[in-house]
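The chain is numbered in sequence order, starting from 1. Side chains included, hydrogens not; waters and symmetry mates left out as well; all remaining heavy atoms used.
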Amino acid sequence: MDLRRRTTSKTHRPYTPAGSFKLAGGGAARIQASDALPLPIRHTNKLFSALFMLSIYYLMSQWREKIRTATPLHVLTLSEISAVVGFVASLIYLISFFGIAYVQSFIFSHDDEDDFLLSGAAPAMPTVASPAPCPLLCSEKSPVPAAPLSGDDEEIVSAVVAGKIPSYILETRLGDCGRAAGIRREALRRISGRGLEGLPLHGFDYDSILGQCCEMPIGYVQLPVGIAGPLWIDGQEYFVPMATTEGCLVASTNRGCKAIAASGGAASVVLKDGMTRAPVVRFGTAKRAAELKFFLEDHRNFDMLSIVFNSSSRFAKLQGTQCSLAGKNLYIRFTCSTGDAMGMNMVSKGVQNVLDFLQNDFPDMDVISISGNFCSDKKPAAVNWIEGRGKSVVCEAIIKEEIVGKVLKTSVSALVELNTLKNLVGSAMAGAMGGFNAHASNIVTAIYIATGQDPAQNVESSHCITLMEAVNDNKDLHISVTMPSIEVGTVGGGTQLASQSACLDLLGVKGANMESPGANSRRLATIIAGSVLAGELSLMSALAAGQLVKSHLKYNRSSKDMSKSS
């Protein structure tokens, strides 16, 4: 049963802002979720629903009359027997029909890495067309037959250098990803004339990245991973892995964790959890674009849109839409929950389903792009700062006065004053967009790399406002970080690689949470917010005490004699 296709004409029909289409007779028929069903089924539903209600009404009225006249209830007339049969038949039909959605969620669910728990079942609806391949992987020449490559490595390297064999087909033609990387690396060395001695080749599982993480590999980059902690947050202890090449970062965050733990730990709250995708569509006139805007924002149409959107995945659940009009161009920001996946692919599939569905009633709609930057992904944007994207988290702690002096080497009043002048006023003077903090991006990026997240999403994920206030008769320090758009996942993408998977396992959030889908990714978001809280606390204390330069000279300067090395 294809929920996207309805038996309606694709001719243009006038639209009313109330969310209903005008019929030929002048009346208005509101679009309902059942309109997504084929016409015969819709009529059958109405018939059995009416039979169900009439049977109940008739039997209840007859029951009441028998009680009033003291007539035995088991004595049935022919009309009462017919009503009982009609009631049972309609009940069986309605239970069977409305159970279809529940059954389909198990039979027809199909996700990419966002829904890796299921496999083998074909979706009930066409999936999104595969994106165009990277130009580096394409060739204008005729396709090369998919026959295995023969010959030794030297012969294949020479053929790649001569342009007879495209580099991007080595994995599939050789059947050995490690060997393909070595041949590609040697061919690159001969073509470029540059040595790659410092880039390691062996010791990496190249099969694990095929088709999902990186194309045409020639090696891997080594990054040190440090541990900060224990971080006490919401009554639990975490040791936080941080992949970084910046000296002093892990040590500073570790000091903040120590101060938080000595003061009783931190607390966190997840305010929102929803990934976004915003396509841009164009119409012939601004009025026509506004008609679609009114339709999408009408709450009476939400159930119908949800059916279409949610059919793309058993984890995707549409939460809402937000529209913005620019002339005859309409930007539609869809928000949905995505379980434990970061969810970009999942939400994109759901959006494509809705666009295909809307094309029936808006045939003049021209889909320019499935992403129109109103999402907004990997770019600083006010919409993410205000509305949130991914996980919106607030984390707080009260640091005792003696801990501020003993561990952080400063005072509560100095920290409060510095935070106001630096993080609030200073950032406002700079015209900051979500950058009302000391160095949230440092911690976010280090944890992202260690746990296999998309490092480019640190742009919006590092949106943070740090607040400090003296409490308990101005003796203790209340510090909080509010981060509206932490975009993380614990399944899919780089989270499945061995090193990154180990770091997620260290935090206790590896993979999908079977009991409560989405709990692991939300927990990872709160750990990131708690780590940012620790990093903010420590760096601000170093600045207030004038220790920043001294600590960086100690931890971020090489003692190696570079003249001898050269």
Student: If only atom types and distance count, is the side chain of S268 paired as donor or acceptor with the main-chain N or O of T526 below 3.5 Å?
Tutor: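 Checking the backbone N and O of T526 against the side chain of S268, no donor-acceptor pair under 3.5 Å is found.
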Student: How long is the straight-line distance from OG of S55 back to CZ of F87, given to the nearest 0.5 Å?
Tutor: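 One finds 8.0 Å between CZ of F87 and OG of S55.
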Student: Hey, are the side chains of C395 and V532 touching, using non-hydrogen atoms and a 4.5 Å cut-off?
Tutor: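 When only atoms from C-beta onward are counted, V532 and C395 do not touch, as no gap falls below 4.5 Å.
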Student: Evaluate the side chain to side chain contact (heavy atoms under 4.5 Å, CB included) criterion for residues I92 and S90: first the C-alpha distance (whole Å), next the side-chain angles of each, then the deciding distance (0.1 Å), finally the verdict.
Tutor: CA-CA 5 Å; I92 293 175; S90 59; over 6 Å; no
Student: Is the shortest heavy-atom distance from the side chain of I449 to the side chain of L223 under 4.5 Å?
Tutor: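 In contact.
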Student: Quick one: do D234 and R523 make a salt bridge, cutoff under 4.0 Å?
Tutor: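 Salt bridge flag = yes for R523 with D234.
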Student: So which heavy atom on G435 is nearest to which on S427, and how close?
Tutor: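 Shortest heavy-atom separation between G435 and S427 comes out as O-OG, 3.0 Å.
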Student: What do the steps show when you test L296 against N301 for side chain to side chain contact (heavy atoms under 4.5 Å, CB included), and what is the final call?
Tutor: CA-CA 7 Å; L296 292 171; N301 298 322; over 6 Å; no
Student: So, S312 side chain and F309 main chain: donor-acceptor pair closer than 3.5 Å or not?
Tutor: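 Checked: pair present.
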Student: Hey, could you give me each pair passing salt bridge (charged side-chain N to carboxylate O under 4.0 Å, His left out) that has a residue in residues 439-460? Not counting sequence neighbours.
Tutor: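 Found K378-D454, R389-E460.
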Student: Under the 3.5 angstrom rule, does the side chain of K379 hit a backbone N or O of D377 as a donor-acceptor pair?
Tutor: yes
Student: Between A266 and L533, what is the shortest heavy-atom contact and its length?
Tutor: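 Scanning both residues completely, I find the closest heavy atoms to be CB-CD2, 3.9 Å.
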Student: Within the 4.5 Å heavy-atom criterion, are V280 and F374 side-chain neighbours or not?
Tutor: no
Student: To the nearest 0.5 angstrom, please state how far the SG atom of C503 sits from the CD1 atom of I447.
Tutor: 10.5 Å
Student: Salt bridge or not for E297 and K293, using N-O below 4.0 Å?
Tutor: yes
Student: Quick check for you: to the nearest 0.5 Å, what is the distance between M342 atom CE and Q453 atom CD?
Tutor: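 Here the interatomic distance stands at 8.0 Å.
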Student: Please check: side-chain N/O of H439 versus main-chain N/O of G535, any donor-acceptor pairing under 3.5 Å?
Tutor: yes
Student: Within the side chain of T338, is there an N or O that forms a donor-acceptor pair under 3.5 Å with the backbone of G274?
Tutor: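 Such a contact is absent between T338 side chain and G274 backbone.
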Student: Check whether any side-chain heavy atom of C464 sits under 4.5 Å from a side-chain heavy atom of T482, and report yes or no.
Tutor: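 When only atoms from C-beta onward are counted, T482 and C464 do not touch, as no gap falls below 4.5 Å.
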Student: Donor-acceptor pair, distance only, cut-off 3.5 Å: does the side chain of E171 make one with the backbone of L210?
Tutor: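 Side chain of E171 to backbone of L210, a donor-acceptor pair under 3.5 Å: no, none is there.
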Student: Could you pull out the closest heavy-atom pair between T495 and G489, with the gap in Å?
Tutor: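 Heavy-atom minimum between the residues: CG2-O, 3.5 Å.
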Student: The test is side chain to side chain contact (heavy atoms under 4.5 Å, CB included); show your working for M483 and I486 and say whether it passes.
Tutor: CA-CA 7 Å; M483 306 179 71; I486 301 178; 3.9 Å; yes
Student: Quick one: are P217 and I209 in side-chain contact, heavy atoms under 4.5 Å?
Tutor: yes
Student: Report yes or no: does K391 contribute a side-chain atom to a donor-acceptor pair with the main-chain N or O of G388 at less than 3.5 Å?
Tutor: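 Side chain of K391 to backbone of G388: no pair is present.
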Student: Applying the side chain to side chain contact (heavy atoms under 4.5 Å, CB included) test to I465, which of V394, N423, L424 qualifies?
Tutor: L424
Student: Less than 3.5 Å apart, any donor N or O on the side chain of K510 or T490 sitting next to an acceptor on the other?
Tutor: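 There is no such pair (donor and acceptor under 3.5 Å, judged by atom type) between the side chains of K510 and T490.
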Student: What are the two closest heavy atoms between C375 and T276, and how far apart are they?
Tutor: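 Nearest heavy atoms, C375 then T276: O-OG1, 2.6 Å.
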Student: First locate atom CZ of F283, then atom CD of E291, and finally report the distance between them rounded to the nearest 0.5 Å.
Tutor: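 Answer rounded to 0.5 Å: 8.5 Å.
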Student: Taking atom types as modelled, is there a side-chain donor on S441 or N458 under 3.5 Å from an acceptor on the other?
Tutor: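 Note: S441 and N458 side chains meet the donor-acceptor criterion.
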Student: Is the shortest side-chain heavy-atom distance between I370 and Q352 below 4.5 Å?
Tutor: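 Yes; the side chains approach each other to less than 4.5 Å.
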Student: Got a donor-acceptor contact below 3.5 angstrom from the D340 side chain to the N520 backbone?
Tutor: yes
Student: For the pair N310 (side chain) and L318 (backbone), establish whether a donor and an acceptor sit closer than 3.5 Å, ignoring hydrogens and angles.
Tutor: yes
Student: Tell me, do V281 and N329 make a side-chain contact under 4.5 Å, heavy atoms counted?
Tutor: no
Student: Would T321 and R333 count as a side chain to side chain donor-acceptor pair (under 3.5 Å) if you check the C-alpha gap in whole Å, the side-chain angles of each, and the deciding distance to 0.1 Å?
Tutor: CA-CA 5 Å; T321 59; R333 193 173 193 256; over 6 Å; no
Student: V393 and A525: which non-hydrogen atoms are nearest, and at how many Å?
Tutor: CG2-CB, 4.0 Å
Student: About how many Å separate SG of C213 and OH of Y206, when rounded to the nearest 0.5 Å?
Tutor: 13.5 Å
Student: Would you name the heavy atoms of N437 and S462 that are closest together and state the gap between them?
Tutor: ND2-O, 3.8 Å
Student: If a pair satisfies salt bridge (charged side-chain N to carboxylate O under 4.0 Å, His left out) and one of its residues is in residues 524-537, list it, with sequence neighbours excluded.
Tutor: none
Student: At what distance, to the nearest 0.5 angstrom, does OG1 of T420 lie from NZ of K422?
Tutor: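 If I round to the nearest 0.5 Å, the distance is 13.0 Å.
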Student: Do K328 and R288 come close enough that some side-chain heavy atom pair is under 4.5 Å?
Tutor: no
Student: Pair S485, W385 - check side chain to side chain contact (heavy atoms under 4.5 Å, CB included), show working.
Tutor: CA-CA 7 Å; S485 50; W385 175 244; over 6 Å; no
Student: Has the side chain of S369 got a donor or acceptor atom that lies under 3.5 Å from a matching backbone atom of G372?
Tutor: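 Answer holds: no.
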